[in-house]
Amino acid sequence: MDRNAKVAVTLGDPAGVGPEVIVKAMAALPSEERRDFVIVGNVEALERADRVSGTGLKFGPADAPGDDRIAVDEVPLGAALPEIGKVSPVAGDASVRYITRAVDLAMTGEADVIVTAPINKEAMNLAGHHHDGHTGLLAHLTGSKSSFMLLASERLNTIHVSTHISLKGAIERAKTERVLATIEAGHRHFLRLGKKARIAVAGLNPHCGENGLFGTEDMEFLAPAVEQAQANGIDVVGPISADTVFARAYNGAFDLVIAQYHDQGHIPIKLVAFETAVNVSLGLPIDRVSVDHGTAFDIAGTGKANHINMLSAIAYARLMARSPRQKA
């Protein structure tokens, strides 16, 4: 990453492990690299995380030459710091305001990429923010019609046709237009990173429906999307039965798998790269990478939270920051 590229890291739900994985990740970076980051959140929450994690860092406005404090873009809580490990509307509202501020920084060019710590959907909705999580909130804040969730790891990458909706809703959404748009989004992303991806589309039904025996969606909707993408010069095949395509991709046959719904893509990624896979939002006017784990209220405040996934998210964010965006 260029030294002047700026990464905005959102605190996540302040009652969860987000502050802890952030301070541990910052402590693991060389001190000179920490100047490339701004934490969007609260100094008080970071100092609490620092105490339980034993990282010995300093936080605050870091605008003086040689300042060793990690820069914090302070977002007022409007209430007392919420209790660790508890679902609360105060924490839910704070997490949304952190994201909103980070989006502002990215939209105005003050940040090159956003890295997000985990939020709690229940807390967010208790606070009156009725979104399905980061994905829907980011689309709303940026005025985007939709976005796509890419889960990226060293040996397996998958992008989802749908994410946080019911399985019934996911089946209804797996139409040709959406599947084609998902293929195109993944193709453009890999081109941006310097590679023409070999893409496979996972089937929706068992064995892709066995020519209509177990459903016709694969023939009616998925196959036409693949054919249209191929006609547009994209290296894509499918649909391929989901019970084999992820193993084939993991073993090197494909660079990217199009998953038709949340669990179809999440389960294989979390099986093979639980600690290192990251969540990347595509189709937005800004760049965003996230850890691929939750708020872990059960261990929040204990200092046990593992920061390896946050380091992976930071590394991927750096990769995106130095890669020019491709025009749609």
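- Remark: the Asn42 side chain and the Tyr98 side chain contain an N/O donor-acceptor pair separated by less than 3.5 Å.
- In this structure, Ile119 CD1 and His134 NE2 are separated by 4.0 Å, a value rounded to the nearest 0.5 Å.
- Note that CG of Leu180 and CD of Glu227 are 11.5 Å apart. Values are rounded to the nearest 0.5 Å.
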Item to check | Chi angles and distances behind the side-chain hydrogen bond (donor to acceptor under 3.5 Å, both in side chains) call for Thr55, Asp50 | outcome: CA-CA 6 Å; Thr55 48; Asp50 177 73; 2.4 Å; yes
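- In this structure, the side chains of Asn120 and Phe297 come closer than 4.5 Å at one or more pairs of heavy atoms.
- Around the CG atom of Asn251, the shell of radius 6.0 Å holds more than 12 heavy atoms that belong to other residues, nucleotides or ligands.
- Atom CD1 in Ile84 sits 3.5 Å away from atom CZ in Arg48 (nearest 0.5 Å).
- The heavy-atom pair separating Ile269 from Leu151 by the smallest distance is CD1-O, 3.9 Å.
- Although no hydrogens or angles enter the test, the distance criterion places no donor-acceptor pair under 3.5 Å between the side chain of Arg288 and the main chain of Val113.
- The side-chain heavy atoms of Val40 and Leu11, taken from C-beta on, include no pair separated by under 4.5 Å.
- Below 30°, between 30° and 60°, or above 60°: for His262 and His160 the angle between ring planes is between 30° and 60°, a tilted geometry.
- Side-chain atoms of Asn232 never come within 3.5 Å of backbone atoms of Ile234 as a donor-acceptor pair (strictly under, hydrogens ignored).
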Item to check | Arg192 and Asp287: CA distance, side-chain angles, deciding distance, salt bridge (Lys or Arg N to Asp or Glu O under 4.0 Å) verdict | outcome: CA-CA 12 Å; Arg192 174 182 178 178; Asp287 291 328; 2.6 Å; yes
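- Put simply, the side chain of Lys6 does not reach to within 4.5 Å of the side chain of Asp36, judged on heavy atoms.
- When all heavy atoms of Ala249 and Leu156 are compared, the pair lying nearest together is CB-CD1, 3.7 Å.
- Side chains of Asp235 and Ile199 form no contact here, defined as non-hydrogen atoms less than 4.5 Å apart.
- The shortest side-chain heavy-atom distance between Phe59 and Arg69 does not fall under the 4.5 Å cut-off.
- No donor-acceptor pair closer than 3.5 Å links the side chain of Arg35 to the backbone N or O of Ile70.
- Between Ser312 and Glu275, the shortest heavy-atom contact is OG-O, 4.4 Å.
- Looking only at atom types and distance, the side chain of Thr142 has a donor-acceptor partner in the side chain of Ser144 under 3.5 Å away.
- Residues Lys121 and His130 have side chains not in contact (no heavy-atom distance under 4.5 Å, counting atoms from C-beta outward).
- With Glu20 contributing its side chain and Gly301 its backbone, the two residues share a donor-acceptor pair below 3.5 Å.
- A donor-acceptor pair shorter than 3.5 Å can be found between the side chains of Asn205 and Asp218.
- In terms of the side chain to side chain donor-acceptor pair (under 3.5 Å) criterion, Thr163 has no residue partners (sequence neighbours excluded).
- The 12-atom threshold is exceeded at CD of Glu220, counting heavy atoms of other residues, nucleotides or ligands nearer than 6.0 Å.
- Heavy atoms only, all atoms of each residue included: Ala25 and Ile314 are closest at CB-CD1, 4.1 Å.
- Within the model, atoms OG of Ser162 and CZ of Arg178 stand 7.5 Å from one another, a figure rounded to the nearest 0.5 Å.
- Of the possible polar contacts, one joining the Arg198 side chain to the Ala253 backbone as a donor-acceptor pair under 3.5 Å is found.
- Between atom CD1 of residue Ile240 and atom CD1 of residue Ile258 there is a gap of 11.0 Å, rounded to the nearest 0.5 Å.
- Considering only heavy atoms from C-beta on, Val115 stays 4.5 Å or farther from Phe37 through its side chain.
- With Tyr250 as the aromatic partner, Arg155 meets the cation-pi criteria of under 6.0 angstrom to the ring centre and within 45 degrees of the ring axis.
- Pairing each heavy atom of Thr158 with each of Ala259, the nearest pair is OG1-CB, 3.4 Å.
- Using a distance-only test at 3.5 Å, with no hydrogens or angles considered, no donor-acceptor pair links the side chain of Gln260 to the main chain of Ala174.
- For the atom pair CG of Leu191 and CG of Leu193, the computed distance is 9.0 Å after rounding to the nearest 0.5 Å.
- Using a distance-only test at 3.5 Å, with no hydrogens or angles considered, a donor-acceptor pair links the side chain of Asn157 to the main chain of Asp255.
- Here Arg101 pairs with Asp73 in a salt bridge; the nearest charged N to carboxylate O distance falls below 4.0 Å.
- Phe190 does not carry Lys195 over the face of its six-membered ring by the limits of under 6.0 Å from the centre and within 45° of the normal.
- Inter-residue side-chain proximity for His187 and Lys196 is flagged as met; some heavy-atom pair is nearer than 4.5 Å.
- A distance-only check finds no donor-acceptor pair linking the side chain of Lys24 to the backbone of Met310 [under 3.5 Å].
- Panel note: side chain Ser290, backbone Asn279; no donor-acceptor pair is recorded below 3.5 Å.
- For the pair Asn309 and Asp292, the tightest heavy-atom approach, listed with the atom from each and the gap, is OD1-N, 2.6 Å.
- Here the side chain of Thr216 pairs no donor or acceptor atom with the backbone of Gly212 at under 3.5 angstrom.
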